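First comes the structure, then the notes that go with it.
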Amino acid sequence: MGKLFVVGIGPGDPAMMTGQARAALDEAGVLCGYDTYVGLIRDMYPGKQIHTTPMRREPERCRAALEMAAAGKTVALVCGGDAGVYGMAAPVLELAEAYPAADIEVIPGVTAALAGAAALGAPLGHDFCVISLSDLLTPWDMIQRRLRAAAAGDFVLCLYNPASSRRPDHLRRACDVLLDAGKSPDTACGWVRNIGRAGETRRILPLAALREEAVDMFTTVFVGSRATFVQGDRLITPRGYGL
Ligand code: SAH
């Protein structure tokens with residue numbers, strides 16, 4: 001029986017990788033995944049077989065990894081952040097029944113929401129939800145409904161995939177949905193770009209200004225709840241102790 005580790009390697013900096021993820025990479029004979037993520041770790045493993053595929057070919061990449069594991073190899077399929085958060089753990093497990101000879105283990109990682117929150121302060125100190133603004137696999141109408149529901153529930157929002165070159169205005173459109181759903185233009189917000197990578201940058205700003213912000217696909221965005229506030233250069237959502 002071969003082994004397939006589906007590994008979340010964290011946001012970038014190897015110091016943000018868990019010991020369990022590192023042990024899985026050490027054990028694997030083959031490292032596979034999207035070029036960028038494999039690129040973050042390939043220097044650590046010069047001797048290993050590398051199998052990269054371009055972006056947006058996820059099912060193909062999952063099948064290739066499952067096939068190698070079913071053939072008896074020990075394979076690590078590498079994802080940025082956490083493997084289960086908009087990553088490859090779900091498609092691998094959906095396809096797994098066809099590969100009974102592959103033993104699959106999902107290894108968690110530090111997702112962008114958590115690493116980005118730490119860079120900004122403590123915006124996720126109370127209930128929050130994560131929404132991806134990518135409409136490649138989810139209709140925009142559904143994304144809008146979830147944004148409205150999050151606003152109605154006064155959750156802190158963490159937005160993944162806030163923009164790309166093909167959809168530069170998704171963050172602005174999302175902000176408009178939130179404002180229309182009753183969130184205040186003064187809501188404390190922030191974003192972090194290139195978390196744990198060279199050129200990490202961050203900004204704290206109100207929702208009205210976030211609407212005008214040019215962000216890219218390497219950015220994670222935070223929109224506060226009614227309780228979220230700015231203290232110095234930190235974004236805080238209080239636990240509720242009344243401190
Ligand atoms: N599995 C990944 C998420 C993949 S979706 C995870 O758990 O983090 C891709 C989106 O994640 C990006 O558009 C961005 O919003 C966010 N993201 C992932 N890595 C990031 C990083 N190093 N810095 C900032 N945002 C990141």
Side-chain angles (χ1 to χ4, degrees), residues 5-18 20-21 24-25 32-41 53-59 61-62 65 76-94 106-121 123-124 128-138 140 143 146-147 150 156-175 189-204 210 213-223 235:
F5 293 107
V6 190
V7 186
I9 61 165
D13 185 341
M16 296 169 98
M17 196 189 294
T18 68
Q20 195 189 13
L25 298 182
C32 58
Y34 167 43
D35 332 29
T36 306
Y37 296 136
V38 173
L40 290 169
I41 53 157
T53 43
M55 222 172 147
R56 279 195 270 284
R57 304 268 285 276
E58 275 82 6
R61 197 181 310 151
C62 294
L77 178 55
V78 171
C79 303
D82 179 76
V85 179
Y86 313 120
M88 280 180 294
V92 161
L93 294 175
E94 284 178 79
V106 180
I107 312 282
V110 177
T111 189
L114 305 185
L120 289 171
L124 306 183
F128 67 96
C129 66
V130 173
I131 297 179
S132 167
L133 298 189
S134 170
D135 62 355
L136 288 176
L137 300 172
T138 307
W140 181 253
I143 296 169
R146 290 184 174 163
L147 289 167
V156 173
L157 273 118
C158 180
L159 303 176
Y160 282 49
N161 298 298
S164 74
S165 47
R166 285 180 305 118
R167 35 181 191 83
D169 64 339
H170 275 200
L171 180 59
R172 184 176 53 73
R173 287 164 65 188
C175 289
C189 299
W191 57 256
V192 192
R193 182 169 192 270
N194 280 328
I195 304 161
R197 299 181 191 166
E200 178 178 307
T201 42
R202 65 195 277 286
R203 188 159 180 217
I204 291 174
L210 181 66
E213 207 71 342
V215 294
D216 62 16
M217 62 188 287
F218 306 108
T219 309
T220 299
V221 173
F222 296 80
V223 178
L235 195 58

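The basis for the numbers below is simple: all heavy atoms, side chains too, and nothing from hydrogens, waters or symmetry mates. These numbers come from a predicted model, not from an experiment. By convention here, the first residue in the shown sequence is residue 1. Numbering of ligands and ligand atoms starts at 1, following listing order.
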*Can an N or O of V110 be found at a distance shorter than 3.5 Å from an N or O of ligand 1?*
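Looking only at distances, the answer is no, because the N/O contact criterion of under 3.5 Å is not met.
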*Does an N or O anywhere in R193 fall below 3.5 Å from an N or O of ligand 1?*
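Looking only at distances, the answer is no, because the N/O contact criterion of under 3.5 Å is not met.
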*For ligand 1, which part of S132 has a heavy atom less than 4.0 Å away: the side chain, the backbone, both, or neither?*
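Answer for S132: neither.
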*asked:* Below a 4.0 angstrom heavy-atom separation, can you tell me which part of T219, side chain or backbone, both or neither, approaches ligand 1?
replied: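 It is the backbone that touches ligand 1; the side chain stays farther off.
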For [atom], what's the nearest protein heavy atom and its distance?
atom: atom 26 (C) of ligand 1; answer: T220 OG1, 3.4 Å
atom: atom 6 (C) of ligand 1; answer: T111 OG1, 3.3 Å
atom: atom 12 (C) of ligand 1; answer: M217 O, 3.0 Å
atom: atom 5 (S) of ligand 1; answer: N161 ND2, 3.7 Å

*Nearest heavy atom to atom 23 (N) of ligand 1 wins, so pick from I195, I9, L114.*
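Among I195, I9, L114, the closest heavy atom to atom 23 (N) of ligand 1 comes from I195.
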*Heavy atoms only: which of T36, V85, N194 is nearest to atom 1 (N) of ligand 1?*
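Ranked by closest heavy atom to atom 1 (N) of ligand 1, first place is V85.
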_Residue Y86 vicinity, atoms of ligand 1 by number, heavy atom under 4.0 Å_ =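 Result: 4 (C), 5 (S).
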*Side chains of C32 and V78 in contact at under 4.5 Å (non-hydrogen atoms)*: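 No. Closest side-chain heavy atoms not under 4.5 Å.
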*Would you say C79 touches ligand 1, if touching means a heavy atom closer than 4.0 Å?*
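Contact absent.
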*Would you check whether G196 reaches within less than 4.0 Å of ligand 1, judged by its heavy atoms?*
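No, G196 has no heavy atom closer than 4.0 Å to ligand 1.
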